[in-house]
Protein chains: 2
Amino acid sequence: MKELTKQQSKVLACVEVYLNKTGFPPTRAEICKELGFKSPNAAEMHLRALEKKGYITIQSGSSRGISVVRSQQSFEQSGDQIPVIGLVAAGSPTLAEENVEKRIPCDPNMFSDNFDYFLKVKGLSMIEAGIHEDDLVAIKKTSDVKNGDLVVVRLEDEVTLKYFKQTNHSLELIPANKDFSTIEIDLREQEAFIEGKSVGLIRTH
Amino acid sequence: MKELTKQQSKVLACVEVYLNKTGFPPTRAEICKELGFKSPNAAEMHLRALEKKGYITIQSGSSRGISVVRSQQSFEQSGDQIPVIGLVAAGSPTLAEENVEKRIPCDPNMFSDNFDYFLKVKGLSMIEAGIHEDDLVAIKKTSDVKNGDLVVVRLEDEVTLKYFKQTNHSLELIPANKDFSTIEIDLREQEAFIEGKSVGLIRTH
DNA sequence: AATTATACTGTATATTTTTACAGTATATAA
DNA sequence: TTATATACTGTAAAAATATACAGTATAATT
């Protein structure tokens with residue numbers, strides 16, 4: 001997906017907010033009014049650019065004929081179909097279509113903090129925390145984590161779900177199963193990517 | 001909510017389908033084309049009726065200024081605010097307002113089976129099934145349960161969440177914690193109300 | 001120094017769209 | 001029988017809207 005300029009981003013946000021508020025897209029003139037432009041052509045140009053970059057489609061000749069194809073803040077707010085990503089041993093959990101096992105209709109604000117996707121749990125390393133195989137852990141993409149948080153960490157090509165504990169250069173990834181041992185990493189020697197943290201869990205009975 | 005005439009219902013469905021397909025509402029002329037009317041006024045009249053009955057709002061003077069307020073089908077799928085009921089020792093879990101601890105925005109179809117409310121778990125009797133205190137168990141109201149299902153049962157004034165097992169006149173309510181013992185009931189002597197069964201679980205981290 | 005991309009103003013016009021008004025037809029209720 | 005509600009056709013005008021064209025200005029590349 002191509003990057004948006006600041007102004008294009010503003011226009012897209014404006015369209016999304018308007019849609020959210022009224023249920024139908026804005027006209028060029030309304031976008032101008034909202035963003036302070038004085039010519040409808042200003043909005044027109046930005047819309048054309050957004051169309052060219054694949055964020056919206058414009059139905060030519062139709063009033064308000066704007067469809068938002070890809071929201072810029074994406075699925076985070078639209079409360080619809082949240083993707084489920086398999087916790088595979090290799091590679092980072094990305095939202096690329098090929099990694100999406102399925103989608104679940106639910107609201108990303110159902111937990112205290114909103115979240116971006118579900119991670120399907122493999123293995124028993126967190127079972128004493130009541131996290132079973134095939135449970136779906138709701139992950140918020142962030143690198144802002146605290147000690148004690150349940151986090152998704154990528155070490156080289158391996159992705160794991162563990163409790164987080166960091167002291168100076170030492171990172172500990174702590175399981176909740178006495179048969180597993182804590183992973184200790186010296187951050188001066190090895191990189192660790194924090195993909196996100198868990199804000200909740202769901203399980204189908 | 002007032003009842004719709006057949007034609008009004010058709011027009012509302014047409015608007016919803018169009019919105020779903022294009023992302024913006026139809027014009028009067030487009031509704032006519034879709035439903036075979038020959039005058040834009042036909043659509044206009046139906047829209048005005050729909051507005052008067054509270055199904056849509058029309059922004060006067062705006063093209064395509066239609067907002068669907070209440071979708072005609074399915075208030076069940078609109079994935080909104082699911083009540084959370086505390087698992088209190090006394091009384092049946094009802095959806096009466098005074099028993100609703102809070103509401104969670106989510107879709108009742110997020111699990112394999114749809115459900116009616118969340119029950120907040122008290123105690124540790126199911127901990128070996130990975131069900132912790134304060135977990136929210138999604139309950140579908142039904143008395144159609146099988147052995148092995150996780151069910152909500154009311155015994156006199158006590159409500160409990162346990163595994164279900166019935167043989168003839170004997171009902172066993174089985175915990176998932178070796179420190180708790182199975183509740184055995186002779187149904188000829190004592191009544192047991194099956195309030196529903198669990199179809200899923202959520203937990204906030 | 002010239003080119004290109006971004007970001008607009010300002011104007012104009014063809015087209016789309018809303019919306020009012022004048023009718024017709026039919027079934028149901030008073 | 002006379003209203004009254006539903007369900008349209010047909011027309012037309014005013015208003016809303018998309019969209020093309022002609023410019024201006026500025027910062028970043030080449």
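A note on names: the letters A, B, ... follow the listed sequences, proteins ahead of strands, and every chain is numbered from 1. In what follows, every heavy atom counts, from backbone to side chain, and hydrogens, waters and symmetry copies are set aside.
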Integer-rounded Å distance: [N] [atom2] and [X] [atom1]:
| X | N | atom1 | atom2 | result |
| --- | --- | --- | --- | --- |
| B:Lys10 | D:dT6 | NZ | P | 17 Å |
| A:Leu4 | C:dT6 | CG | P | 11 Å |
| B:Ile66 | C:dT19 | CD1 | C1' | 13 Å |
| B:Lys53 | D:dA5 | NZ | P | 12 Å |
| B:Phe24 | D:dA16 | CZ | C1' | 16 Å |
| A:Arg48 | D:dA20 | CZ | C1' | 10 Å |
| A:Ile31 | D:dT17 | CD1 | C1' | 12 Å |
| B:Gln8 | D:dT6 | CD | P | 7 Å |

Listed nucleotide nearest any side-chain atom of [X], set [options]:
| X | options | result |
| --- | --- | --- |
| A:Thr5 | D:dT9, C:dA7, C:dT19 | C:dA7 |
| B:Gln7 | C:dT9, D:dC8, D:dT19 | D:dC8 |
| B:Asn41 | C:dG10, D:dA7, C:dA20 | C:dA20 |

Show me the pairs that pass salt bridge (charged side-chain N to carboxylate O under 4.0 Å, His left out) and involve residues 181-190 of chain A, at least two apart or across chains.
A:Asp186-A:Arg188

Would you find more than 12 non-hydrogen atoms of other residues, nucleotides or ligands less than 6.0 Å from B:Glu34 atom CD?
no

Check nucleotides 12-17 of chain C against the protein and report each pair of N or O atoms closer than 3.5 Å, with its distance, or say if there are none.
| from | atom 1 | to | atom 2 | distance (Å) |
| --- | --- | --- | --- | --- |
| C:dT17 | OP1 | A:Ser63 | N | 3.0 |
| C:dT17 | OP1 | A:Ser63 | OG | 3.2 |
| C:dT17 | OP1 | B:Arg64 | NE | 3.3 |
| C:dT17 | OP1 | B:Arg64 | NH2 | 2.6 |

Which label fits A:His46 and A:Phe37: parallel for a plane angle under 30°, tilted from 30 to 60°, or perpendicular past 60°?
tilted

Quick one: does NZ or CZ of B:Arg154 land under 6.0 Å from the six-membered ring centre of B:Phe193, within 45 degrees of the ring axis?
yes

side-chain N/O B:His46 vs D:dC8 OP1/OP2, d < 4.0 Å:
yes

Between the side chains of B:Thr160 and B:Lys162, does any donor sit under 3.5 Å from an acceptor?
yes

How many angstroms lie between atom OG1 of B:Thr22 and atom CD1 of A:Ile66, to the nearest 0.5 angstrom?
12.0 Å

Measure the spacing between CG of A:Leu119 and CD of A:Glu101 and express it to the nearest 0.5 Å.
9.5 Å

By nearest nucleotide on DNA chain C, pick out whichever of B:Met45 and B:Ile58 is the more 5' one.
B:Ile58

